[in-house]
Amino acid sequence: KVRSRISIQHMRLGVSCDWDREVFTLDEGPQKAVRTTFKHLYADGLIYRGERITNWCPRCQTALSDLEVDHEPSQGKLWYFKYPLLDDNGNPTDDYIRVATTRPETMLGDTGVAVHPDDDRYRDLVGKYAILPLVGRRIRIVADDYADPEAGSGAVKITPAHDFNDFEVGKRNDLPAVNIMTVDADITLAGNEDFLAGVAQSAELDATIEALDGLDRFAARTRVVEMMEERGLLAEIEDHLHSVPHGDRGGVPIEPFLTDQWYVDAKTLAKPAIASVREGRTVFVPKNWEKTYFDWMENIQPWCISRQLWWGHRIPAWYGPDGEVFVELTEEEAEAAAFRHYGSRVKLERDEDVLDTWFSSALWPFSTLGWPEDTPELETYYPTSVLVTGFDIIFFWVARMMMMGLEFMDEEPFHTVYIHALVRDEHGAKMSKSKGNVIDPLQLIDEFGADALRFTLAAMAAQGRDIKMSTSRVAGYRNFATKLWNAARFCEMNECRPVAGFEFWSATLPVNRWIATEADNMIARVTAALEGYRFNEAADAVYHFVWDQYCDWYLELIKPVLGGDDETSKTETRATAATVLETVLKCLHPFMPFISERLWSEFGFGDDVLALERWPEKTFEDSAAAADINWLVDLVSAIRSVRAEMNVPAGAKTDLVLVGASTETAERLSRHRPVIQRLARVEGVSTADSSPAGSAQILVGEATVALPLQGVIDFDAERQRLEKEIAKIDSEIGRLDKKLSNDSFIAKAPEDVVAAE
RNA sequence: GGGCGCGUAGCUCAGUGGGAGAGCACUUCGUUGACAUCGAAGGGGUCGCUGGUUCAAUCCCAGCCGCGCCCACCA
């Protein structure tokens with residue numbers, strides 16, 4: 001169900017997948033890959049089985065890896081207990097050693113007390129014994145660096161079977177591990193051989209078993225505290241803020257638990273995986289995630305891969321009657337191996353456990369391509385190129401694919417790991433099914449269209465930053481899609497069709513050479529941005545080119561041409577408009593696949609889907625044409641601006657008088673006269689030696705453009721406008737003067753910067 | 001405890017060692033004219049605070065304040 005929903009989302013977003021090659025993790029191929037890798041790693045000693053302390057989820061009743069455990073802050077208590085000391089003859093004394101615990105029930109499994117070797121308070125007690133209250137077990141006081149003199153009383157109770165640190169301390173100091181819980185995390189004492197070992201029968205022990213046996217750990221916690229208090233052995237209770245490990249699926253506190261599990265020697269496998277990134281054979285984008293990768297990989301712990309679940313890849317291990325282990329690909333092979341071992345046919349029991357789901361995922365880059373078979377797909381597609389994923393998956397998956405890929409393929413599974421942003425809800429919280437704050441992409445697609453959503457995600461995908469989904473942005477890009485659609489409609493209406501063999505260099509009109517220059521600049525920006533995985537910059541470049549250049553100016557500037565009667569100009573302009581549109585569609589296709597493909601086929605740019613090899617290249621540049629049209633754009637903008645500020649009615653036309661212009665400017669003006677008249681609402685155009693009285697004046701380059709507004713102009717408003725402009729220019733002059741009179745600026749700033757000022 | 005990141009216009013966010021931009025929102029004007037999901041013109045920011053480096057800091061460095069996330073076995 002989940003899988004199909006994800007597929008629908010991908011398809012509706014226009015993801016171009018090869019759906020014929022869909023693979024499921026429990027398919028035949030991946031199954032074989034899992035067993036093969038398991039067998040090899042076992043044979044090499046990189047997978048082993050052992051009794052170790054493990055994260056145990058009492059609710060799911062399975063072991064978990066460290067990654068599946070979340071630490072949640074919790075306001076708890078710190079209980080201080082008094083453990084009576086024994087003298088050298090093993091008799092009780094009146095002295096106590098104080099220990100502190102957040103989990104009193106675990107005391108039933110205590111087998112020692114640790115103090116720091118340099119802690120003077122306890123130096124004399126090392127090697128002596130205390131008596132464990134409620135139980136009567138003799139527990140040894142050991143010196144171990146783990147004990148922190150600053151923490152609690154400086155003496156720490158050791159429960160090797162129910163605490164990770166204590167397990168290590170116990171191993172170092174040869175303390176037995178006493179498991180006092182069932183897989184449900186209920187206390188089990190009666191008939192618990194480990195618990196009863198070496199403990200003398202007593203009325204107190206019987207009372208403890210009577211009171212606690214079978215209680216769940218939290219009920220037992222309360223009861224243990226009460227019983228200690230009744231005996232006067234509860235010294236103190238403190239409030240204590242600490243973090244409690246929870247299983248990420250079961251949601252209940254983890255119980256560190258001593259069980260037999262299968263482990264991967266991750267430390268050994270991590271070494272080449274670290275080197276690959278260290279030496280740049282695989283890079284992370286953005287690069288700072290490499291630190292996260294290194295930190296984890298360098299401190300990696302054995303990976304517990306067995307799970308006591310019914311669903312998953314079954315561990316390919318079989319046990320003989322005496323517990324001998326046979327790891328093989330199939331039951332038949334295991335039986336054959338057992339026959340060789342025992343010299344006779346024996347009945348084998350298969351390991352009940354399944355593998356951590358991430359084990360098979362780690363093999364994905366090659367297991368899906370037919371490995372361990374030597375297939376053409378494997379040859380062609382391994383190594384892959386770019387892995388796109390979220391940061392929360394670096395440890396679970398990326399790191400493990402690196403390890404397994406290097407181990408079995410001798411080559412990194414991908415050269416780049418692009419860590420994309422997480423889409424968060426409008427408040428910035430991570431979306432999760434349980435929180436119910438998921439924004440459904442399908443709903444956004446229904447409302448704004450797949451292209452709008454997809455473009456939004458690209459436009460907001462600035463590196464190293466998460467995305468707070470903004471509906472108004474999606475709406476804005478929906479408008480952009482409409483804008484493009486309408487621009488294409490304009491082209492269609494004006495018979496702007498692709499012309500075979502046409503290229504920008506053959507255009508003669510400045511306006512065409514200008515848009516060609518701008519289009520090719522856009523191509524360069526988009527290309528550079530995509531190559532650097534800066535998808536937001538790429539999207540932004542296309543967006544602004546289409547809207548600000550192509551639609552706002554180019555299409556407006558060519559209207560007089562298309563409406564004129566110069567057939568040669570019309571032909572070249574139509575071809576240019578179409579070719580630029582074609583370029584836009586190519587560049588836009590990764591961001592807006594649906595609309596670009598539709599327009600592409602409607603315009604007959606080619607009948608194939610926009611293929612990657614058609615990605616355009618920057619080939620055209622005409623800076624003279626660019627300067628020419630930019631002058632025009634500036635002029636029209638300035639006139640519009642003045643008209644608006646002078647409150648010239650939008651429909652009213654004004655005359656234009658050019659004053660003090662160079663011949664080049666005069667020539668430009670006359671050449672662009674039709675467009676200026678159209679776009680700036682200008683009627684008569686003339687030149688003069690000085691501005692006519694009662695006109696608004698605009699400085700464009702070296703020339704002054706005067707708009708005679710006799711009868712229209714509000715002199716106060718014009719005075720205000722000019723004063724504002726003067727003030728602005730004055731302050732600019734002041735700033736530059738100050739800068740240029742600063743000797744160290746002249747001396748130290750780069751020449752081009754000085755010249756520019 | 002360690003690490004990463006963020007703080008820029010009312011909101012959501014780009015960005016750069018040489019006086020800062022977008023979308024939305026806002027103000028004014030405008031619909032025979034590709035597009036009102038639009039066009040034209042505007043208003044609005046001491047670029048978190050304090051120091052330092054530099055001819056020049058929103059950008060680099062340090063400290064501080066506020067916020068978010070990841071990792072971690074603190075009894």
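Every chain is numbered from 1, with letters handed out A, B, ... down the list of sequences.
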Would you mind pulling out the nucleotide paired to [N], Watson-Crick or G-U wobble, both distances under 3.5 Å?
N	result
B:rC60	B:rG52
B:rC38	B:rG30
B:rC47	none
B:rC67	B:rG5
B:rG21	B:rC13

Can you identify which nucleotide, out of [options], has its nearest atom closest to the [X] side chain?
X	options	result
A:S243	B:rA72, B:rC55, B:rA75	B:rA72
A:S472	B:rC29, B:rA22, B:rC24	B:rC24
A:D295	B:rA34, B:rG3, B:rA75	B:rG3
A:A100	B:rA34, B:rA75, B:rC70	B:rA75
A:R640	B:rA40, B:rA75, B:rC55	B:rA40
A:N536	B:rG15, B:rA34, B:rG42	B:rG15
A:N288	B:rG5, B:rG3, B:rG23	B:rG5
A:N486	B:rC55, B:rA34, B:rC13	B:rA34
A:R473	B:rA41, B:rA22, B:rA75	B:rA22
A:D552	B:rG3, B:rA41, B:rG39	B:rG39

Any side-chain N or O of [X] below 4.0 angstrom from OP1/OP2 of [N]?
X	N	result
A:S641	B:rG42	yes
A:K739	B:rG19	no
A:H240	B:rA75	yes
A:W547	B:rG39	yes
A:N479	B:rC38	yes
A:H242	B:rA75	yes
A:K468	B:rC13	yes

Just call it for [X]: base, sugar-phosphate, or nothing, with non-hydrogen atoms closer than 4.0 Å on any strand.
X	answer
A:Y477	nothing
A:R681	base
A:P750	base
A:A462	sugar-phosphate
A:C491	nothing
A:T292	nothing
A:E556	base
A:F395	sugar-phosphate
A:G563	nothing
A:A747	nothing
A:K559	base

[atom1]-based separation of [M] from [N] [nearest Å]:
N	M	atom1	answer
B:rC60	B:rC67	C1'	23 Å
B:rU12	B:rU50	C1'	29 Å
B:rG51	B:rC69	P	32 Å
B:rA22	B:rA40	P	13 Å
B:rA72	B:rG3	C1'	11 Å
B:rA9	B:rG21	C1'	10 Å
B:rC65	B:rA56	C1'	28 Å
B:rU8	B:rA20	C1'	8 Å

Exercise for review: For residues A:S74 and A:V244, report the shortest heavy-atom separation together with the two atoms involved.
Suggested key: CB-CG2, 3.6 Å

Revision key, fill the gap. Note: A:I467 and A:A421 closest approach over all heavy atoms is CG1-CB, 3.8 Å

Check your understanding: A:S153 or A:R678: which one's nearest nucleotide on RNA chain B is closer to the 5' end?
Key -> A:R678

Check your understanding: Closer to the 5' end of RNA chain B via nearest nucleotide, is it A:W289 or A:F490?
Key -> A:W289

Review point. So, do A:T292 and A:F284 sit near enough that their side-chain heavy atoms are less than 4.5 Å apart?
Key: no

Exercise for review: Give the ring-plane orientation class for A:W547 versus A:F480, where under 30° counts as parallel, over 60° as perpendicular and anything between as tilted.
Suggested key: parallel

Practice item. On the 0 to 90° scale, with breaks at 30° and 60°, tag the A:Y543-A:F455 ring pair as parallel, tilted or perpendicular. Key: tilted

Whole-Å distance separating the [atom1] atom of [X] from the [atom2] atom of [N]:
X	N	atom1	atom2	answer
A:Y543	B:rA14	OH	C1'	13 Å
A:K77	B:rC74	NZ	P	20 Å
A:M493	B:rA34	CE	C1'	6 Å

Check your understanding: Can you tell me if A:S65 and A:E68 form a side-chain donor-acceptor pair at under 3.5 Å?
Key -> yes

Review point. If you count the non-hydrogen atoms of other residues, nucleotides and ligands that lie under 6.0 Å from CD in A:E72, is the total more than 12?
Key: yes

**Study point:** Greater than 12 external heavy atoms within 6.0 Å of A:R598's CZ
**Key:** no

Point to revise | Base B:rG42 to side chain A:R643, donor-acceptor N/O within 3.5 Å cut-off | key: no

Check your understanding: Any N or O donor-acceptor pair linking the side chain of A:K483 to the base of B:rC35 at under 3.5 Å?
Key -> yes

Check your understanding: Relative to A:F603, does A:R497 satisfy both conditions: NZ or CZ under 6.0 angstrom from the six-membered ring centre, and within 45 degrees of the ring's axis?
Key -> yes

**Study point:** A:R278 to A:F294, cation-pi by 6.0 Å centre distance and 45° axis angle
**Key:** yes

